[in-house]
Amino acid sequence: MNYNFNEIEKKWQDHWAKQQTFKAKNTSDLPKYYVLDMFPYPSGAGLHVGHPLGYIASDIYARYKRHKGFNVLHPQGYDSFGLPAEQYAIQTGQHPAVTTEENIKTYRRQLDQIGFSFDWSREVRTSDPSYYKWTQWIFIQLFESWYNIDSNRAESIDTLISVFTAEGNAKVNAVCDDAISLFSAADWNSFSSKEQQEILLKYRLTYLAETEVNWCPALGTVLANDEIVNGVSERGGHAVMRKKMTQWSMRISAYAERLLKGLDQIDWTDSLKESQRNWIGKSVGATVKFKVIPNDTASVEGELHQIPVFTTRPDTIFGVSFMTLAPEHDLVSQITTDDHKAEVEAYIKATAKRSERDRIADVKTITGAFTGAYAEHPFTKEPIPVWIGDYVLAGYGTGAVMSVPCGDQRDYDFAKHFNIPIPNIFEGIDISEEAYGAKDNVIIANSDFLNGLSYKEATKKAIVALEKLEQGEGKTNYRLRGAVFSRQRYWGEPFPVYYVNDMPQMIAKEHLPIRLPEIEKYLPTETGEPPLGRADVWAWCTETNTVVANTKVNNTTIFPLELNTMPGWAGSSWYFFRYMDAQNDAVFASENALNYWESVDLYIGGSEHATGHLLYSRFWVKFLKDRGFVKIEEPFKKLINQGMILGTSAFMYRLSYIYINESEIDETGTEFLFKLKNIYISSSESLNNNEFQSNIDYLGKLKSTLKEIAGLSNNNNLEDLTIIPLPIHVKVQYVNASNELDIPGLKNDSEFGEDYKNAIFISDDGGIISLDGDSSDVFKVSREVEKMSKSKYNVVNPDQIVTDYGADSLRLYEMFLGPLEQAKPWNTAGITGVHGFLKKLWKLYMGEDGLNITEATPTKDNLKTLHKTIKKVEEDIESFSFNTSVSTFMIAVNELIAQKCTSKEILEPFLVLLSPYAPHITEELWHQLGHQHSISTTPFPEFDAQHLVESSKNYPISFNGKMKFTLELPMEMQKEDIEKTVMAHEKTIAHLEGRTPKKVIIIPGKIVNIVG
RNA sequence: GCUCAAGUGGCGGAAUUGGUAGACGCGCUGGAUUCAAAAUCCAGUUCUUCGGAGUGCGGGUUCGAUUCCCGCCUUGAGUACCA
């Protein structure tokens, strides 16, 4: 019987689906275990081999935990709102729901054929109204909450209203907007409803605010910081500008400290925790207000200008020799003196063109301008020059720095460059070459009342003195800011919000979900409103509590609805709870389900979510806990980032040309160059080594070929023509293992074939490649390892691999590639190794005419092989070292074949060990062995150490630490006897060549090392 | 610039507490089988001037270092000069 993997895999996938083998129960006496993959977005391109890597790892773990007696929850679903479907809709007019449905079908088919043990009965989709009903509900809860710093948790907005009614806001200690004026209970009660709502909005955890956003006119949308690369949109590379816009935001900063502290409680990698810490960006220091000394422009009557700065080093305040403002700082125009105006304005203009990224990374170029204004030092009252410099960013801190050149390298470089004094305030420290940035072991000097103090003491004392002057106070700063929650897009959750008098009102819970309206086109409106502005039926009737036609808006009973939709992170911030009770219509998940499953025990996904999804969902979970909806503080106990699978891209070189002397193109002119378009040259060693331009022989041949192509028959040998080969990505499916391009295939490509119809391909020897069948010419491409992505045309689709080798081979191979967390290149050719292993395994169990298993008593060697495999595989899975366990299986099968093992007592438990990795073949053999129940719930074999006890040890005998030969000695042999035996051995004597060793190191059971 | 990873044969990688470097697999070479091919099986495969050398480079600790320490180089990922 042959190993017919296609038949076997289909059979068991169908069987598992029919029997609901992997359906998880919400009530069980077994301990629970929750294994989750990061929410996939169902893109139109389908899966490539990089996607299932994490899914396979989590599936192995989930299956292993079932063998270990756990009730395992291992669900899957789709984060199905998103920009790609919307962009496709804009291009084709197809409703995003339709394309999303198609994409999900493709995903599901691809996932199913890999044999995952998902409980599909719990599938969720964020774009499904029965799901986003609860996303809307959570949004309403956030709106109806404020953060009480005294109780350190979110509370219902009602508790805040009752405080306002009783005593005003003087004693309220809340996370809220910066500019809130004080009011008494009497004030509050006399405010109009609109005034009250405006005030409450400044306290709510989600609120409307005029915020500066990254507006991308070309995409008609706002972009998150991480969607902008080098100042342009990541998608499409369009220009991005700062623009004020009314946006929904989330007061995530209220949770900054808890988000930081919580990291200590969870089992994530240090690098991931570190990036969250950096993102939250806690710094302890002080705010200091510097008064601007009046000058020709900065002498407004009555009020003096102040420059507030935040510093982590208030102890160095006597080292301030200048101040630096971000060029965009509001005060710049108000304080710059007339004679510096021209210079400052020119500098601001120049800065605006630099991307923020550029300003950050480039430390070598020091630029700045003096405003002509001076600020007053709070203690010495000396004038301090105020500069602007683009190393200070407007968006961070206060957008201004008190520059202490002796203590900060950037300030130091700036001062050196502009000849600003660098006062030294550190005792006994040389600052003639560079600044001294360390906080440890400094003694402050030249600093009046701070002299002789350490960093800690001086900081404390400086803050006290600043507070006395009312020019500063101690402050903890977080860089985490309000998270923008609006998107000017169609394909997202609609807000359950309508507007009365411009004030947002929540729609009551019982009327949810508010469904996305139908629109004709998916673009923003001509007036710049979001796509929902195109909907005709998008108004809220407060009498019928339904969505009605816009024409009915009367602003008394019928009101306009919100036009923005929610961002991608809305639905993904809580989905892990929905899996616990996916069909519940009354609550987002029942209390029983929430209590049973608690939180995710193992979460596997890409590191790209480090500061987005993983921070936002922690925030929502903490909020839901505060409001009593869940009991947990952290959603993901253990988290593993799988590494990227890299693709091997292929390049061919398109020729482009430069004429050194244009006047010499006389007789043929531009027509000549026109005829030389769309020509590609085969990759060669000289191309890969950047020696193309010096390969005279080849260039000569190439040029005569070009003349031939252009129909040029004169003697011009094109000396003035410089040929520049440009690398162009080519789809890897048209390239074989020897890097040869399938030219006819490329020309028939449905997507790009047209572009190459008239292309000319030139071989290694400089001649045109003939495309009639019997030509032996080859066209070679260059290879490079890059991120696997559709845009680089290097994706490898798992479908073909499953057809050719089977899902079990794919699963094993993906694990075999290397450590889960590390990035690694994909090479399909290597899959024959694991596939060959499965064939050998099959032959071990199945003879020519059926099962090859006997009741034979296992030999000592059989037992040793089995038990060392049990031990190793169990250790490997527990430590997520899946690659090494695949090797272990191979070694075990090689050994069992060598031992000619047929013993059921060995071969049966071995199947269980392997089944998490290769579930189909093991399930088939398990049933061939006569079992009626699925192998998936069979207990994991128990390791028994007695089978690994050895009676002898093959000692490595080293000389000066270098192993020279080995010697088999009894295990129980004592040190002295070992030394005697080794020293008497002929090989030892030969190696010593008569020398007497200085020392002999013997570690019984390990090694012998002879020194000297 | 800063932060975090990672550098081991032709390639992916292994060596879990400092103890036989290169397990396992790919590829390659030779052989068996076959009319032939595929498939399968067997043997070999770090380099080498055959003394040795060797885990990015230079030091150090140790009887012994891929593993620990110091300094550097390169590559990748992230990034917000948090003042």
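Each chain gets a letter, A, B and so on, in the order the sequences are listed, and its residues count up from 1.
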N-glycosidic conformation, B/G10 - syn within 90 degrees of 0, else anti | anti
Short question: side chain of A/Lys872, backbone of A/Ile870 - any donor-acceptor pair under 3.5 Å?
-> no
Distance, C1' atom - from B/G13 to B/C70, rounded to whole angstrom | 29 Å
Rounded to whole Å, CE of A/Met815 lies from P of B/C24 at a distance of 21 Å
Rounded to whole angstroms, how far apart are CE on A/Met644 and P on B/A77?
-> 6 Å
Whenever both distances are under 3.5 Å in a Watson-Crick or G-U wobble pair, mark it; put RNA chain B into dot-bracket that way, with [ ] for crossing pairs and | when the partner is on another strand.
-> (((((((..(((......[....)))((((((.......))))))((....))..(((((..]....))))))))))))....
In whole angstroms, the gap separating P of B/A5 from CD of A/Gln822 amounts to 12 Å
Distance, P atom - from B/U67 to B/U8, rounded to whole angstrom = 14 Å
Test A/Val834 against every option in A/Lys839, A/Met890, A/Met815 by the side chain to side chain contact (heavy atoms under 4.5 Å, CB included) rule and name the one that passes.
-> A/Met890
Among B/A15, B/G12, B/U3, the one nearest any side-chain atom of A/Leu817 is B/G12
Whichever of A/Gly961 and A/Gly830 has its nearest RNA chain B nucleotide further upstream toward 5' = A/Gly830
With heavy atoms under 4.0 Å as the rule, sort A/Ile280 into base, sugar-phosphate or nothing.
-> base
Answer with base, sugar-phosphate or nothing: what part of the nucleic acid does A/Val401 contact at a heavy-atom distance below 4.0 Å?
-> base
Out of B/C4, B/C63, B/A23, which nucleotide sits closest to the side chain of A/Ile1001?
-> B/C63
Ranking B/U20, B/G64, B/C82 by distance to the side chain of A/Asn477, first place goes to B/C82
Closest to the side chain of A/Ile1003, out of B/G19, B/A23, B/G27, is B/G19
Rounded to whole angstrom units, what separation is found between the NZ atom of A/Lys975 and the C1' atom of B/C63?
-> 12 Å
Give A/Thr888 one of three labels, base, sugar-phosphate or nothing, depending on what nucleic acid heavy atoms sit under 4.0 Å from its own.
-> nothing
Under 4.0 Å between a side-chain N/O of A/Asn278 and OP1 or OP2 of B/C4, yes or no?
-> no
Could you check whether A/Asp408 gets within reach of a base, just the sugar-phosphate, or nothing at all, counting any heavy atom under 4.0 Å?
-> nothing
What distance, rounded to whole Å, do you find between the two P atoms, one in B/G60 and one in B/U55?
-> 15 Å
How would you label the contact of A/Thr884 with the nucleic acid (heavy atoms, under 4.0 Å): base, sugar-phosphate, or nothing?
-> sugar-phosphate
Below 4.0 Å: OP1/OP2 of B/C82 and any side-chain N or O of A/Lys282 = no
Would you tell me if any nitrogen or oxygen in the side chain of A/Lys824 comes within less than 4.0 Å of OP1 or OP2 on B/G12?
-> no
Pick base, sugar-phosphate or nothing for A/Thr311, based on heavy-atom distances below 4.0 Å to the nucleic acid.
-> sugar-phosphate
Between atom CE in A/Met963 and atom P in B/A65, what is the gap in whole Å?
-> 15 Å
With rounding to whole Å, what would you report as the distance between B/A43 and B/G54 at their P atoms?
-> 32 Å
Taking CZ from A/Phe816 and P from B/G27, how many angstroms apart are they, rounded to a whole number?
-> 12 Å
Would you kindly compare A/Lys840 and A/Asn883 by the position of their nearest RNA chain B nucleotide and give the one closer to the 5′ end?
-> A/Asn883
Which whole number of Å gives the distance between the P atom of B/A65 and that of B/U16?
-> 16 Å
Beyond-backbone contact of A/Pro1004 with A/Met973, side-chain heavy atoms, under 4.5 angstrom | no
Checking A/Val401, A/Thr476, A/Asn477, A/Val288 against A/Phe310 for side chain to side chain contact (heavy atoms under 4.5 Å, CB included), the one that qualifies is A/Asn477
Do the two ring centres, one from A/Phe882 and one from A/Tyr61, sit under 6.0 Å apart?
-> no
Can you tell which of B/U40, B/G19, B/A23 lies closest to the side chain of A/Lys843?
-> B/U40
For this output row, return yes or no: ring centroids of A/Trp842 and A/Phe5 closer than 6.0 angstrom.
-> no
Nearest to the side chain of A/Glu274 - B/G64, B/G25, B/C4?
-> B/C4
Give the rounded distance in Å between these two atoms: CD1 of A/Ile957 and C1' of B/U20.
-> 10 Å
SB check A/Asp411 A/Lys416 (cutoff 4.0 Å) | no
Could you tell me whether the side chain of A/Thr311 and the main chain of A/Arg313 form a donor-acceptor pair under 3.5 Å?
-> yes
Using the P atom on both, measure B/C24 against B/A14 and round to a whole Å.
-> 14 Å
Testing B/C63, B/G13, B/A39 for proximity to the side chain of A/Pro825, the answer is B/G13
Side chain of A/Lys999 (C-beta onward), nearest among B/A23, B/C82, B/C63 = B/C63
Over how many whole Å does the gap from A/Gln642 atom CD to B/A5 atom C1' extend?
-> 16 Å
If you measure from the P atom in B/C57 to the same atom in B/G10, how many Å do you get, rounded?
-> 14 Å
Assign B/G27 to syn or anti; the rule is syn for a glycosidic angle within 90° of 0 and anti otherwise.
-> anti
Between A/Tyr805 and A/Tyr813, ring centroids under 6.0 Å | no
Measure from the side-chain N and O atoms of A/Thr371 to the backbone N and O of A/Val386, and report whether any donor-acceptor pair falls under 3.5 Å.
-> yes
Would you mind telling me which of B/G19, B/G25, B/U20 lies closest to the side-chain atoms of A/Asn894?
-> B/G25
Rounded C1' spacing from B/G59 to B/C47 in Å | 25 Å
The side chain of A/Pro956 lies closest to which of these nucleotides: B/C63, B/U20, B/G13?
-> B/U20
Salt bridge (Lys or Arg N to Asp or Glu O under 4.0 Å) evaluation trace for A/Asp264 with A/Arg277 | CA-CA 11 Å; A/Asp264 300 334; A/Arg277 283 190 193 106; 3.5 Å; yes
